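Let me begin by presenting the structure, written as structure tokens, before commenting on it.
All heavy atoms count here, side chains included; hydrogens, waters and symmetry mates do not. No experiment lies behind these values; they were computed from the predicted model shown. In what follows, chains carry the letters A, B, and so on, assigned in the order in which the sequence lines appear, proteins first and then strands, with residues in each chain numbered from 1.
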Amino acid sequence: MAAAQPEAQPSSFWQVLEEQVLEEHPDVPRDQLLPWEAWERKHRKRSCDEATTSEPGAGSNGGGGSIAEPFWDALEASLRAEHPHLAREELLPWLKLPRQRRQPAAAAPSAAAPPPPDDTDNGGDSDYEAIGSEEDEAFVAGSSDSTRAGTQPRAAIVPLPDTSGNRWASRNKHKWQCQSTTTKTAPATNLFLADELDKLAAHYKAVGNDEWRYFAFSKQAKKLRDLTWEVTDAKQLLSVRSFGQKSVDKIAELLATGALRRLETMQSTDRAQALAELTKVHGVGCKIASDWYAKGITSVEAAVQSGLMTATQRVGARFYKDLQVRIPRAEVTAIVDAVRVALRATLGARGVPAHAIDGAGDATASGSYRRGKPSSGDVDVLLCRRDGGSDEGLIEQILEYMKAAGVSVHHLTHEEEVQRGRAQRSVRTATCSSYRGIIRLPGYELHRRLDLKLYPPEDFAYALLYFTGSDHFNRSMRHYAKTLGYSLSDHGIVHAVKMAGGKDNCVRGTKNLFEARTEQEIFEKLGLQYVEPSQRNTDVVPIGDAPRRLQ
DNA sequence: TGGCCGTACTG
DNA sequence: CAGTACG
DNA sequence: GCCA
């Protein structure tokens with residue numbers, strides 16, 4: 001890229017990154033490897049390279065023709081069931097792609113795929129179109145009528161692949177804050193204040209040295225966003241938990257002058273700016289960022305060129321721009337559904353008969369999505385196998401399946417090598433696995449963070465509670481449990497004894513004291529009022545006298 | 001004044 | 001182990 | 001940073 005420009009650095013960030021990446025993955029099509037090419041075109045000004053190195057790109061990406069078709073069909077059905085009102089193109093953005101797979105396998109690769117007539121963006125951005133050629137007509141015509149007519153999704157539709165995997169979701173839809181389309185809008189003043197406090201928090205987090213200020217400010221910011229009344233006088237906040245005099249003073253300044261002098265000066269230093277940028281890369285925290293800064297590294301570009309990055313960090317760097325963008329709720333739905341469909345297919349491939357697949361496992365949307373947020377920072381899917389079958393390799397298989405169907409997948413955890421070494425030494429990992437990665441569904445512009453967590457059924461309620469969050473809510477609830485002498489985690493409730501001194505001053509039991517079937521039961525056991533997911537942005541509230549013991 | 005969540009993965 | 005990340 |  002940037003070939004022609006005389007001013008272009010001989011080795012720009014992206015060039016270096018590109019080299020590293022190409023070297024690391026010689027077998028992956030270029031477009032999949034270099035998503036920023038499209039991103040840059042869209043978000044920066046004119047692209048300097050018009051002559052898209054017309055890629056051969058064709059073929060390569062392993063077959064998958066046979067499984068791709070049912071996958072997308074099922075995904076479409078699943079999405080249609082959840083969004084009956086959406087226009088088809090909106091529901092299935094990948095239909096807009098110039099070419100599709102679903103080739104009858106034998107279909108000739110029909111030579112040089114014509115460069116997508118695509119106007120501007122999204123150009124060669126798909127690893128998907130490379131798979132096949134021709135017959136997107138077949139695809140479109142096959143599963144329904146013409147996309148073109150748009151709007152009318154055609155009467156009969158969807159055999160319905162049954163989304164009951166997501167039991168909770170279906171049952172509680174009406175309770176979701178944003179299923180009612182009307183998103184509660186907080187007073188603008190509060191949002192402004194929250195943003196400023198978040199900046200303060202972000203600063204302390206990036207610079208390090210004071211995680212507790214970070215904790216305090218981010219907690220306050222969250223509370224401000226959730227406040228139902230407008231802050232007109234900073235003193236009002238003195239009566240709100242976790243706001244103290246210092247913060248009230250800051251907020252008073254913000255209300256009066258619209259800015260925080262102290263924040264501005266803190267942010268303006270070179271070091272602060274460098275750390276702020278570096279820590280945006282997944283896998284780079286304040287320590288490593290400080291480390292790099294001490295070595296003279298002040299940008300992601302420099303970090304990449306330094307060769308100091310770990311494998312995970314390199315993946316993070318490749319996509320860190322995409323990952324700054326929040327994910328609209330509808331896209332989260334699509335990704336969760338894709339995972340669910342892949343899970344079902346995987347179970348089927350493992351011998352679970354079709355009629356039993358519903359009960360054999362489920363994929364539940366969690367995180368901010370379950371809390372009803374209109375957009376999310378990432379996608380959290382809680383997986384559970386309930387038929388007693390083995391969990392081993394389930395996550396990997398699901399991802400392989402999606403990959404084969406044309407989804408672009410990049411691992412932050414579970415890199416092949418690491419996987420092996422890991423398998424032998426940890427017993428626990430066999431039954432509880434935690435995956436982090438980056439994926440992009442074909443037709444979507446940006447790559448998104450995907451978190452998968454797999455638990456045995458007996459952990460499900462605790463896991464769901466944990467995975468739904470929010471972070472501050474969890475910490476609050478766990479803190480509260482601790483005051484009762486318990487330790488609450490995503491696996492259960494155990495005894496916790498606080499010892500004097502030292503930092504690791506807490507001794508935990510190992511036996512789960514209470515097998516909860518639902519979240520409600522957990523709240524109840526702890527003497528807490530049940531809180532709907534959409535309300536889990538603030539602290540927990542004990543009701544009456546807290547129980548002394550679990551029975 | 002000292003505590004501020006509990007866990008999983010990486011290297 | 002420290003570091004980073006997850007909610 | 002806030003709080004017990």
Side-chain angles (χ1 to χ4, degrees), chain A residues 197 200-201 203-205 208-221 223 237-238 240-250 279 281-291 309-313 315-316 366-371 376-382 411-415 417-419 421-422 425-426 428-429 432-437 449-455 459 462-483 486-494 496 498 500-506 508 533 536-537 539-540:
Chain A
L197 290 184
L200 215 39
H203 172 82
Y204 281 112
K205 182 181 185 175
N209 288 333
D210 207 333
E211 65 172 299
W212 297 116
R213 278 197 172 78
Y214 155 68
F215 180 67
F217 286 131
S218 73
K219 185 159 60 173
Q220 291 172 357
K223 284 204 172 180
L237 291 170
L238 274 176
V240 179
R241 254 183 79 94
S242 77
F243 283 88
Q245 188 58 53
K246 299 271 200 53
S247 296
V248 166
D249 290 345
K250 288 183 176 63
T279 53
V281 176
H282 185 101
V284 180
C286 60
K287 305 285 188 187
I288 289 177
S290 298
D291 236 48
M309 286 184 154
T310 66
T312 302
Q313 289 160 351
V315 176
S366 316
S368 53
Y369 180 91
R370 185 168 178 243
R371 295 203 307 277
S376 302
D378 66 3
V379 180
D380 306 296
V381 185
L382 177 57
H411 303 313
L412 290 167
T413 61
H414 288 221
E415 280 287 353
E417 290 179 21
V418 185
Q419 256 303 78
R422 214 182 99 253
R425 70 158 186 263
S426 178
R428 170 145 236 167
T429 317
C432 166
S433 167
S434 172
Y435 171 84
R436 273 171 285 152
R449 280 276 294 100
L450 173 67
D451 286 344
L452 301 179
K453 286 200 153 250
L454 175 63
Y455 290 86
D459 284 2
Y462 290 100
L464 183 61
L465 177 63
Y466 155 72
F467 218 23
T468 298
S470 69
D471 51 356
H472 287 289
F473 179 86
N474 285 352
R475 293 172 73 153
S476 166
M477 193 158 170
R478 290 170 179 205
H479 179 67
Y480 170 75
K482 207 174 189 177
T483 65
Y486 304 122
S487 172
L488 171 67
S489 79
D490 48 346
H491 297 291
I493 299 174
V494 298
K498 211 167 180 182
K503 33 187 164 187
D504 201 4
N505 59 350
C506 186
R508 268 179 270 280
R536 297 186 193 167
N537 294 302
D539 299 333
V540 292

Within the structure shown, what part of the strands sits under 4.0 Å from [X] by heavy-atom distance: base, sugar-phosphate, or nothing?
{"X": "A:I288", "value": "sugar-phosphate"}
{"X": "A:Q245", "value": "sugar-phosphate"}
{"X": "A:H472", "value": "nothing"}
{"X": "A:Q220", "value": "sugar-phosphate"}
{"X": "A:D471", "value": "base"}
{"X": "A:L200", "value": "nothing"}
{"X": "A:F243", "value": "sugar-phosphate"}
{"X": "A:K250", "value": "sugar-phosphate"}
{"X": "A:D210", "value": "nothing"}
{"X": "A:V248", "value": "nothing"}
{"X": "A:S366", "value": "nothing"}

For DNA chain D, which nucleotides open and close the run of contacts to chain A, 5' to 3', at under 4.0 angstrom from a non-hydrogen atom?
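Nucleotide range with atoms under 4.0 Å of chain A: D:dG1 to D:dA4.
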When the distance from [atom1] of [X] to [atom2] of [N] is rounded to whole Å, what number comes out?
{"X": "A:L465", "N": "C:dC6", "atom1": "CG", "atom2": "C1'", "value": "14 Å"}
{"X": "A:Q313", "N": "B:dG11", "atom1": "CD", "atom2": "P", "value": "9 Å"}
{"X": "A:R436", "N": "B:dA8", "atom1": "CZ", "atom2": "P", "value": "12 Å"}
{"X": "A:N209", "N": "C:dG3", "atom1": "CG", "atom2": "P", "value": "12 Å"}
{"X": "A:H411", "N": "B:dA8", "atom1": "NE2", "atom2": "P", "value": "21 Å"}
{"X": "A:D291", "N": "C:dG3", "atom1": "CG", "atom2": "P", "value": "9 Å"}
{"X": "A:M477", "N": "B:dG6", "atom1": "CE", "atom2": "C1'", "value": "13 Å"}

What pairs with A:R478 under salt bridge (charged side-chain N to carboxylate O under 4.0 Å, His left out), at least two apart in sequence or on another chain?
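A:R478: no salt bridge (charged side-chain N to carboxylate O under 4.0 Å, His left out) contacts found.
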Can you list the residues that meet the salt bridge (charged side-chain N to carboxylate O under 4.0 Å, His left out) rule with A:D378, with sequence neighbours excluded?
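Salt bridge (charged side-chain N to carboxylate O under 4.0 Å, His left out) check on A:D378 returns nothing, list empty.
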A:Y466 or A:T413, whichever maps to the more 5' nucleotide of DNA chain B
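Its nearest nucleotide being more 5', the pick is A:Y466.
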Reading DNA chain B from 5' onward, which residue's closest nucleotide shows up sooner: A:Y435 or A:R475?
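Upstream on the strand: A:R475.
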Checking contacts here: which listed nucleotide ([options]) is nearest the side-chain heavy atoms of [X]?
{"X": "A:H282", "options": "C:dT4, B:dC5, C:dA5", "answer": "C:dA5"}
{"X": "A:S487", "options": "B:dG6, B:dA8, C:dG7", "answer": "B:dG6"}
{"X": "A:K287", "options": "C:dT4, B:dC4, B:dG6", "answer": "C:dT4"}

Taking only N and O in the side chain of [X], is any of them less than 4.0 Å away from OP1 or OP2 of [N]?
{"X": "A:H491", "N": "B:dA8", "value": "yes"}
{"X": "A:R508", "N": "B:dG6", "value": "yes"}
{"X": "A:R449", "N": "C:dC6", "value": "yes"}
{"X": "A:K482", "N": "B:dC4", "value": "yes"}
{"X": "A:S489", "N": "B:dT7", "value": "yes"}

Same-atom distance (C1') from D:dG1 to B:dT7, integer angstrom
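Taking atom C1' in both D:dG1 and B:dT7, they lie 25 Å apart.
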Taking atom types as modelled and ignoring hydrogens, do the side chains of A:S376 and A:S368 form a donor-acceptor contact shorter than 3.5 angstrom?
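Their side chains do contain a donor-acceptor pair, which is all the 3.5 Å distance test asks for.
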Return yes when atom NZ of A:K205 has more than 12 non-hydrogen atoms of other residues, nucleotides or ligands closer than 6.0 Å, and no otherwise.
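Atom NZ in A:K205 is not crowded, with 12 or fewer foreign heavy atoms closer than 6.0 Å.
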Under 4.0 Å between a Lys/Arg side-chain N and an Asp/Glu carboxylate O for A:K223 and A:D539?
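Yes, charged N to carboxylate O under 4.0 Å.
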Run the ring pair (Phe, Tyr, Trp, His ring centres under 6.0 Å) test against [X] and tell me which residues pass, sequence neighbours left out.
{"X": "A:H472", "value": "A:F215"}
{"X": "A:Y466", "value": "none"}
{"X": "A:Y435", "value": "A:H411, A:H414"}

